[in-house]
Amino acid sequence: MRSGDRDRDGERGRGRWRGRVVVPGEKLGVVEEFIPGDGVREEEGNLYSLYLGSLHEREINISVRPFRRPVLPLRPGEIALGEIRSADRSVFHVFLTALVKPRRALLSPPVQAIMPKKPPNVGARPSDIVLVRVNSVGNGTVTVTMGGPPELGVVLSFCPVCGAPLRKGVGYTLVCERCGKVYLDKKISSRYGWNPFKEGLIRYVKR
Amino acid sequence: MPLYVEKKPEVLITEEGVRTDGRKPYEMRPVRMTVGILDKADGSAFVEWGGNKILAAVFGPREVHPKHLTLPDRALVRARYNMAPFSTPERKRPGPDRRSVELSKVIREALKPAIFVENYPGSVIDVFIEVLRSDAGTRVAGVNAASLALANAGIAMRGLVAACAVGRVGDFVICDPNHDEDMWGDADMPMAMLMESEKITLLQTDGPMTEDQFREALKLGRNAIRFLYEMQKEALKRPYQVIERSVRGAV
């Protein structure tokens, strides 16, 4: 997709390039046209694919989904940053986006992990950004937990009612400044309020 | 007494510029590239280039063994170039020799600038290049195959690395020397490039060239590499084109 490639009516075709196969280093456009998402890198104003994969376009966001997803081997004991995407009856599904300790690295593409719904994890809910410890890695399943040192736990949370970010209140409480609701049941990290978005460790939250 | 004696051709290139295999100075031997042919590897590629048959496989990123080689901030890239005992006219003693060790290093250094090693700290990316049949230019064919295998493995890359050799026979600068030209030619210059940025990642020369000949060789090499890069892209996309058509047809 080069700059200037447009539909006949002059508008950028919505989803026109959906599914186009791209190779690493292939130029996808320029920053004035698109916002780079996963699998896209920017260099001197140009956007290039990082992987062999399919190109996906949504409004002005483009991303490349790799056909093969090499997973950085995680080791038990490492501390990772992740987002809770969904919850089942007994587990949370966590998307690990970065390793924080002792290695610091982006996990691109994110690694899917499970977190059992047992204390101290029970209070978490989908869309929470959490610092977790890798418990076990085996048979393609990564298990994580928020139990352990005080830095583990929820680092950023949003109000499920109004969507506003929650502020840390007295003790282990989180308060919504917009609607006033108070949440008592989460394990809050000692680093609550740290903004991983600023450091590029996480890009967006699925809500 | 050796079982196989190589015979030097009387003329390597005629005054009209016709080479021993009938090619013109700027022509390449036929090339065929295929990816994803090994199930057990994370990425693989097979390159047939003239008489060369090169198989490349990539494993990783995976745990580093031995552990003391682990780099905490980036991935370790290892490349192993190996010639099969049956790849040459006379049996080659199996295992690494001086040439294989050197070529492994050269290939690793040609590929490394293309890989985002900082995305995979504490892990290793292993690249294995097996020469099943050799016919001059195995290192550049190996670089092409390894680059395809890396992309096929889903490794984050700055771009594909394509490589080609150029050389000199008499006053002619030639593209992609064959076995005779490699053996008895005047100069040989393998080169590899990261095509999108046009950065050279491998440049070796063996034999004298004037400045003009060197410039001409570089230009010829770049054109050949551009052609090979397009072939690499086509080879990588080929297995997925059916999917692409079906997805785009559904839009």
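All chains are named by letter (A, B, ...) in the order of the sequence lines, taking the proteins before the strands, and each is independently numbered beginning at 1. Bear in mind the structure is a predicted one, so any value in this text is a computation, not a measurement.
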Side chain, backbone, both or neither: which part of B/S147 has a non-hydrogen atom closer than 4.5 Å to chain A?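 For B/S147, no heavy atom lies under 4.5 Å from chain A.
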
Counting only non-hydrogen atoms closer than 4.5 Å, does B/A156 touch chain A with its backbone (N, CA, C, O), its side chain (CB onward), both, or neither? both

Atom [atom1] of [X] and atom [atom2] of [Y]: how far apart are they, to the nearest 0.5 Å?
X: A/F67; Y: B/L236; atom1: CZ; atom2: CG; result: 10.0 Å
X: A/R104; Y: B/D73; atom1: CZ; atom2: CG; result: 13.5 Å
X: B/E196; Y: A/K27; atom1: CD; atom2: NZ; result: 8.5 Å
X: A/R41; Y: B/M157; atom1: CZ; atom2: CE; result: 11.0 Å
X: B/S197; Y: A/N46; atom1: OG; atom2: CG; result: 11.5 Å
X: A/S54; Y: B/K237; atom1: OG; atom2: NZ; result: 12.0 Å

Note: B/R158-A/E43 ion pair, threshold 4.0 Å (strictly below):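 Here B/R158 does not pair with A/E43 in a salt bridge, since their nearest N and O are not under 4.0 Å apart.
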
Consider side-chain contact (heavy atoms from CB on, under 4.5 Å). Of A/V22, A/V23, A/V21, which one does B/K233 pass it with? A/V23

Taking atom CZ as the centre, does A/R65 end up with more than 12 heavy-atom neighbours from other residues, nucleotides or ligands that are less than 6.0 angstrom away?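 Open.
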
Using a 4.5 angstrom heavy-atom cutoff, name the option from B/G60, B/P61, B/P72, B/A75 with the most pairs to chain A. B/P61

